[in-house]
Amino acid sequence: MNFLVIHGPNLNLLGTREPDVYGRTTLTDIDREIEAKARELGAQVRIVQRSSEGAIIDEIHRAAGWACGIVINPAAYTHYSIAIRDALVAVAIPAVEVHLTNIHSREPFRRKSVISDVVKGVIAGLGSKGYVFALEFLAGKCI
Ligand code: DQA
């Protein structure tokens, strides 16, 4: 059982980035939680943080034939990247979209996701737990 977890742009700055919005948890802390859940599930997990759209798309392509699930926080690309949406559709790997914050309770431009309708589900506002819940869900879908 193999999973790919993708963190989009600016998430590498968690811990110091707008702490009033994102808290003090760092990306390293989140990755530790993801790794612990993967261990518990007996799964392999590849975790990447990529700042550019093309690099995220390359990671999605690379997952084809390897991953049985993708957890993706596309960060700001959520709101406008048709290219990331198309890549997820192209590889046809079950995916879950995760947001640390509740994008529906923030600025109006964050309410729209061009990814949500091509993934299995969306988790927003539950902080790092969102990644853990997404892995648990996808594990139930992997054969
Ligand atoms: C985010 C929400 C996005 O709107 C924002 O651009 C991010 C992080 C989140 O995890 O809450 O960078 O995806």
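In what follows, every heavy atom counts, from backbone to side chain, and hydrogens, waters and symmetry copies are set aside.
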**Request:** Under the side chain to side chain contact (heavy atoms under 4.5 Å, CB included) rule, collect the residues that match up with R106, sequence neighbours excluded.
**Result:** V21, Y22, T101, R110
**Item:** Selection residues 89-117 - residue pairs positive for ring-ring contact (aromatic ring centres under 6.0 Å, His included), sequence neighbours left out
**Value:** none
**Contact summary for L135 and A38, nearest pair of heavy atoms** = CD1-N, 4.4 Å
**Item:** side chain to side chain contact (heavy atoms under 4.5 Å, CB included) partners of T28, counting only residues at least two apart
**Value:** T26, R32
**Message:** Considering only residues two or more places apart or on different chains, which pairs with a residue in residues 59-72 satisfy side chain to side chain donor-acceptor pair (under 3.5 Å)?
**Reply:** R46-E59, R50-E59, E59-R62
**Request:** Apply side-chain hydrogen bond (donor to acceptor under 3.5 Å, both in side chains) to Q44 and list each qualifying residue two or more places apart in sequence or on a separate chain.
**Result:** none
Exercise answer: donor-acceptor pairs, residues 68-75 side-chain atoms, under 3.5 Å, sequence neighbours excluded:
residue: N73; atom: OD1; partner: A75; partner atom: N; Å: 2.9
residue: N73; atom: ND2; partner: V98; partner atom: O; Å: 3.4
residue: N73; atom: ND2; partner: Y131; partner atom: OH; Å: 3.2

**Request:** Using a strict 4.0 Å threshold on nitrogen-to-oxygen distance, state whether R24 and D29 make a salt bridge.
**Result:** no
**Request:** For D20, enumerate each residue passing the side-chain hydrogen bond (donor to acceptor under 3.5 Å, both in side chains) test, keeping only those at least two apart in sequence or located in another chain.
**Result:** none
**Asked** Can you find a pair of side-chain heavy atoms, one from L14 and one from T25, that are under 4.5 Å apart?
**Response** no
**Message:** Which Ile, Leu, Val, Met, Phe, Trp or Tyr residues join I103 in one cluster when any pair of side-chain heavy atoms under 4.5 Å counts as a link?
**Reply:** none
**Message:** Going by salt bridge (charged side-chain N to carboxylate O under 4.0 Å, His left out), name the residues that satisfy it together with K141, two or more places apart in sequence or in a different chain.
**Reply:** none
**Item:** Residue list, ring-ring contact (aromatic ring centres under 6.0 Å, His included) with Y80, at least two apart or on another chain
**Value:** Y77
**Request:** Identify, with sequence neighbours excluded, every residue that meets side-chain hydrogen bond (donor to acceptor under 3.5 Å, both in side chains) alongside E33.
**Result:** S128, K129
**Asked** In chain order, what residues pass the side-chain hydrogen bond (donor to acceptor under 3.5 Å, both in side chains) check against S116, with sequence neighbours excluded?
**Response** E97, S113
